[in-house]
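See structure below.
What you are looking at is a predicted structure, and each value in this text was computed from that prediction instead of being measured.
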Amino acid sequence: MDRQTASATFPSAAAAVADARRFVRKVLADWGMDEAADDAVLATSELATNAIAYAGTSFEVSCRLEDGDIKIEVRDRHPTRGIEMPGVTASSGRGLPSIARLAASWGVSYDHRTKGVWFRLARPGAAAAPAEAENEDAGTAHAEAPVRGPQTRERGPREREQAREAAGAQGREGGLSGDVGDMPVAGDRLLRSPAAVEAMEDGVATVREILGAEGAAVLLTERDGRMIMGSSAGTAAELPLGELSVAGLGPAARAGSPWVAAEGDPTATALQARSVAAAPLESQGRLTGVVVAVSSAPGRFGEADGVRLGRLADEMSLSLEKARVGELERSWRGWLSFVAEASDLLAGTLDQERTMALVAQLVVPRLATWCAVYTVADGEPDRLAYVWHADENRADGLRELLEHAGAAPPMDGPGSWNGLATAPEEVRAAAGDTAADHVYAFPLIARGRRIGTIVIGRPPGDRFPRSAIELAEELSRRAALAVDNARLFSAQTAMSSALQRSLLPPGIPEIPGLEVAVVYEPAGEGSEVGGDFYDVFESGPGPGGPASASRWRFAIGDVCGTGPEAAAVTGLARHALRILAAEDMSVPGVLARLNRLILGEGERGRLLTLLHGEIATRRPDGVRIRLTSAGHPLPLVLDPDGGVREAATAQALLGVFDGVDFHTDTVDLRRGEVLLCVTDGVTERRSGSRLLGDGDGLERLLAGCTGLSAGAVAARIQRAVRDFGPEPSNDDIALIVLRAS
């Protein structure tokens, strides 16, 4: 691997996203840049998902070292299809704001055949700018991340620094004089940061020492304006914090200035002190908290103490802001990792019911206590499709409550939902506390239409933070695509199965003097119609014979390819065989006519191999069969002694040459002998570099079936084909077994 450049190409498949992540992680590990791997892998995951979801082509991932920085580019083969950005141009949930959040810079490049989205990461150990980490919640980072369009040039380091200085100046000029409801910064995040807790503990110890205070404390703000205890020492540690809010701090705190107060001040009252010195802790013009020194003696602190405390508060604010930004970054990366993993899981299934169950189980308990998924059918009300509760004992009561509640709202965006309140009183009583839960609803919108709704709930005392709502909204976008893809796949599978059934005979008739067994296995998951087919049918009475002396025909064929084009030729062949046989046309005549019909289809035609035979005469010791193999694997005959022989000669396949003269081969199938007819899905079953038919493999397999009935022979061949290779077969399998009895 070149130390400066590495690249790899991946197919347009859901599994390729995980492969691309593994590639990037390995490259950076080889370059000794493991510290940057997490960010690089997350950003690559988003861009690779975009390439698959929107471009729908294979894509190339390239990694380069440029001036010590890491530049990674994901390039697809669809230059005319634009880049989608959630919240800006897209409704489906995969886009680029997260790239802007992770990367130092990013952009889009085009040429005649490809489109590339690149991003640059600073080398490990370089100073990282925390400019855009001041959002209050992890989810906000995604929602408010700067978005640069494809034509926007890369913003240089100096420009980014100027932008940060401007933002800081704006915050300083504004001071704390805005609406009190917008001022506070949530302190609970600081309490989850070990670095912040350590900074507060060191700070209160320093305050006590420098001011000679009996006690000191750091009070942190909450989003609702309440103040909570962050850290305390001395007498302040012995007292419970009374009722205190940002609104009660007074004009000095709102102006961002320290103050000294006596008994009667709200802060002094909350801490049961007779004198206090206090200074606000600020972050980007917003109030993070207050550092306070307290004393039981009146008039203990003077103006000079307030000034000193203000300087200590400035130093502590910097430490707390650094810790808060670090906690935000960790939470945000955890959020993005969750979304990336959720996308992988959702892309890994095409079963609609399983997809809805997976959505609910991703939400609970990470984002909510319970989750319900509703689906929408054309012209019908929403249907409750899946319910999941963190407490299994409450799941039945929740389902009953939701079934009697109001219908899921046909909304275009997320919002609170009070449908539980409309349920009958007895149902609400049976559901207990769940009936009073906080509930939010998120529409599932895919390809411009609403296909359902996700409803999530939390207990009354556990409110939804903004980050949880935004994360649930992001997840609902991705879930909508997954559910819609699963629904489309299910519809396609059902349609293909119905078409496949129409191309196969409704049943196998009873033929006097013969045991008949058939096997048919289409390849794949049923989303495509196979090209193999078979038929066994009565062709009419023998010439001059009584009506009971019927003749029978059989056919087994393989159309080149799969899908609708192959199905068209399959339908043409099977129905033409029956119609032409009913007209008393000979086996060679049927194949010649069918060959002309396929050639007449022009470009819509497909090559066809066909083995067609007629059970012409019943003999005392068996039956006589006349057959023609047009490019098809030759049939085999097994005699009662275990000998195996070919029963026909190879002739031209159908759909290639006009004017082909076909002839018949005659097989006298004596009592106890078996005629085996297969498609190449049997003979070409692969295990590594070996094929089942190599070296007379099918002949040896058939020889081991001596003495078995027709059904037992068919079952043994079928099992041998399945067991031959470790992977499922990628070709259709069809076989007919005739045994003279």
Side-chain angles (χ1 to χ4, degrees), residues 130 133-141 168 171-172 174-201 203-204 207 215-233 236-237 239-259 261 265-271 273 276-294 306 309-310 312-328 331 463-467:
E134 69 271 9
N135 298 296
E136 294 182 10
D137 285 292
T140 313
R172 287 191 297 274
L176 299 175
S177 58
D179 182 11
V180 172
D182 293 334
M183 287 197 303
V185 175
D188 55 353
R189 187 174 297 279
L190 290 176
L191 293 177
R192 296 197 296 270
S193 168
V197 172
E198 182 179 358
M200 289 187 288
E201 290 175 348
V204 294
V207 168
V218 173
L219 311 181
L220 299 175
T221 60
E222 285 285 78
R223 280 185 292 268
D224 58 4
R226 294 182 301 109
M227 305 204 73
I228 60 174
M229 184 69 75
S231 183
S232 57
L239 299 172
L241 180 63
E243 291 293 330
L244 185 63
S245 66
V246 173
L249 291 180
R254 294 172 61 83
S257 303
W259 74 95
D265 179 85
T267 309
T269 301
L271 294 172
V276 298
L281 301 171
E282 299 179 37
S283 169
Q284 297 291 328
R286 294 177 297 175
L287 185 64
T288 302
V290 177
V291 57
V292 182
V294 299
L309 187 58
L312 293 174
D314 289 342
E315 296 177 5
M316 191 182 301
S317 293
L318 291 175
S319 298
L320 292 180
E321 176 62 9
K322 182 179 179 180
R324 192 180 69 83
V325 168
E327 182 65 23
L328 276 172
S331 297
R463 64 182 180 84
F464 282 100
R466 183 170 58 182
S467 59

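Residues A278 and V290 come closest through the heavy atom pair CB-CG1, 3.9 Å. Considering all non-hydrogen atoms of both residues, A279 and G310 come closest at CB-CA, 3.9 Å. Across all their heavy atoms, P280 and S317 have their closest contact at O-OG, 4.5 Å. The heavy-atom pair separating L287 from V246 by the smallest distance is CD2-CG1, 3.8 Å. Closest approach of A216 to V294, counting heavy atoms only: N-CG2, 4.5 Å. Closest heavy-atom contact between A277 and L309: O-CD2, 3.1 Å.
Atom CG of L244 sits about 11.0 Å away from atom OG1 of T221, to the nearest 0.5 Å. Here CG of D265 is found 7.0 Å from CH2 of W259. Values are rounded to the nearest 0.5 Å. Residue L320 holds its CG atom at 12.0 Å from CD of E315, rounded to the nearest 0.5 Å. Distance CG/L219 to OG1/T288: 12.5 Å, rounded to 0.5 Å. Atom CG of D314 is separated from atom CE of M316 by 10.5 Å, given to the nearest 0.5 angstrom.
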Could you walk me through whether V292 and L271 satisfy the side-chain contact (heavy atoms from CB on, under 4.5 Å) test, starting with their C-alpha distance in whole Å, then the side-chain angles of each, then the deciding distance to 0.1 Å, before giving a yes or no? CA-CA 9 Å; V292 182; L271 294 172; 3.8 Å; yes
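Remark: of the listed residues M200, M227, M229, M200 is the sole one forming a side chain to side chain contact (heavy atoms under 4.5 Å, CB included) with L220.
A donor-acceptor contact shorter than 3.5 Å is absent between the side chain of S231 and the backbone of V218.
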